[in-house]
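Worth saying up front: this structure is predicted, and the values here are computed from it rather than measured.
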Amino acid sequence: MSEIRYRRHNDLRIAELQGEGVVLHLGERRYFSVNETGLAILEATSEPRTFAELVARVMETFEVGSEEAETTIRAFLDQCVSAKVILEEQG
Amino acid sequence: MTDSTPWLRTNAPRLETAVQEWLLESRMPLPTNLAITIELGDSVPAFQDSRTAYRQGFVEIRAGAPQGWAQVRWADRAVARVDATRPIADVFLTRDAAENLEPLLRGFLLVVLIFLWKREGLFHLHAGTARDPLGRGWMLTGNTHSGKSTTMALLARRGWEVGTDDAAFLSAQTGPVEVYGFRDLIALRPGGLDLIGCQGGTPLPGRGKTAFTVEELGGRWIQVVEPEIVLFAEGTGSRTTLTPTEPAEILHRLIQNSPWVLFEAAGAAEHLQLLARLGGRARCYKAVLGPDIFERPDGLMGLLP
């Protein structure tokens with residue numbers, strides 16, 4: 001069975017200001033803030049990434065354990081997928 | 001078309017003169033290869049366009065995917081079609097629109113120009129710009145009723161250099177963020193006029209305002225400002241206060257006042273990065289504007305934390 005990969009929507013544009021991220025969703029003409037972990041995930045998903053790849057990225061960037069990284073990423077992905085900010089693709 | 005305005009082609013010579021004078025007086029650098037065609041007629045075309053409209057005053061704007069080109073419309077009086085990537089616009093006007101120069105230029109055509117300058121890397125922001133006597137650049141953003149014009153008029157009265165009271169354009173050059181001011185009259189409502197205490201000016205009966213040049217107010221016009229201090233006007237109160245703005249809020253407020261960043265994919269990343277650079281370099285404050293700044297000889301400067 002192929003693995004799910006996560007890729008951010010092509011309509012997103014991202015900027016960072018003093019550790020805070022702001023994301024534009026051009027297709028829906030709206031914008032929202034993300035924290036630095038969310039920013040790192042959105043930046044990483046400019047290319048399709050597996051959950052495991054995202055966990056490794058967050059653990060390395062923020063020096064957190066795997067359990068904390070997995071919980072944080074799962075919660076963020078769930079929100080983003082439901083808001084169509086990040087898309088799920090079959091590997 | 002004349003030799004003096006190779007960028008403007010129209011079948012309405014009187015309108016050509018008015019547009020030319022207004023744009024040249026703005027002192028804004030015209031986009032390279034700018035081409036505007038204005039056709040005066042009995043009616044204006046109705047383009048098939050199912051995109052959601054964004055309203056700015058009496059103007060409706062449709063831009064971005066899927067068509068790409070931008071449509072700017074003033075009811076059934078005027079419509080413009082702006083090329084998706086090049087500074088080219090076809091404008092259609094009724095005679096009624098052409099006879100109402102004030103809303104035509106400052107309401108409708110200015111929005112068309114915002115898209116044309118965007119094609120050149122100049123991004124509009126609703127903001128006033130000024131430079132204080134210490135040489136520091138200031139920018140005051142806010143909506144229509146936030147007190148921008150009255151404040152910029154006051155600063156001009158105090159001898160500050162003032163660029164614009166609303167039509168600012170961020171430049172996408174490297175280094176410090178530069179903001180161009182569209183030189184135009186500063187229009188004051190009766191309340192603002194009383195506070196400023198300035199005689200004369202040009203009455204604008206259609207808008208219920210009186211307009212002044214920066215020089216008539218006692219200041220000097222400045223084309224480009226590098227903002228060190230950005231104020232987000234939150235409205236008026238009994239006293240003027242400046243409160244530091246949290247980083248998460250800065251970009252939100254800049255986007256609110258530069259909504260064009262949300263319209264088109266082309267240039268959006270550049271526009272957003274420019275807003276982030278501006279917010280990252282400047283000291284940013286939320287400002288409540290009160291009548292006490294009219295009594296302070298140093299105006300806003302003395303209120304900086």
Over 12 foreign heavy atoms within 6.0 Å of [atom1], [X]:
X: A/Glu28; atom1: CD; value: yes
X: B/Asn33; atom1: CG; value: no
X: A/Gln18; atom1: CD; value: yes

Any side chain to side chain donor-acceptor pair (under 3.5 Å) pairs touching residues 62-79 of chain A, not counting sequence neighbours? A/Tyr6-A/Arg74
Side-chain donor-acceptor distances from residues 106-117 of chain B under 3.5 Å, at least two apart:
unit_1: B/Arg106; atom_1: NE; unit_2: B/Asp184; atom_2: OD1; d: 3.2
unit_1: B/Arg106; atom_1: NE; unit_2: B/Asp184; atom_2: OD2; d: 2.9
unit_1: B/Arg106; atom_1: NH1; unit_2: B/Glu102; atom_2: OE1; d: 2.8
unit_1: B/Arg106; atom_1: NH2; unit_2: B/Asp184; atom_2: OD1; d: 2.8
unit_1: B/Trp117; atom_1: NE1; unit_2: B/Pro29; atom_2: O; d: 2.8

Given heavy-atom pairs under 4.5 angstrom as the criterion, report whether the side chain, backbone, both or neither of A/Glu16 touches chain B. backbone
Within this structure, what is the CD-CG distance for the pair B/Gln273 and A/Leu17, rounded to the nearest 0.5 Å?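 B/Gln273 atom CD to A/Leu17 atom CG measures 10.5 Å (nearest 0.5 Å).
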Where is the tightest heavy-atom contact between A/Arg29 and B/Ala63, given as atom of each residue plus distance?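 That closest heavy-atom pairing would be NH2-O, 3.6 Å.
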Could you list which of residues 249-272 of chain B have a heavy atom closer than 4.5 Å to any heavy atom of chain A, in residue-number order?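 Answer by number: B/Ile250, B/Leu251, B/His252, B/Ile255, B/Gln256, B/Val261, B/Leu262, B/Phe263, B/Glu264, B/Ala265, B/Ala268, B/Ala269, B/Leu272.
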Residues from residues 274-281 of chain B approaching chain A under 4.5 Å (heavy atoms):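 Residues in range: B/Ala276, B/Gly279, B/Gly280.
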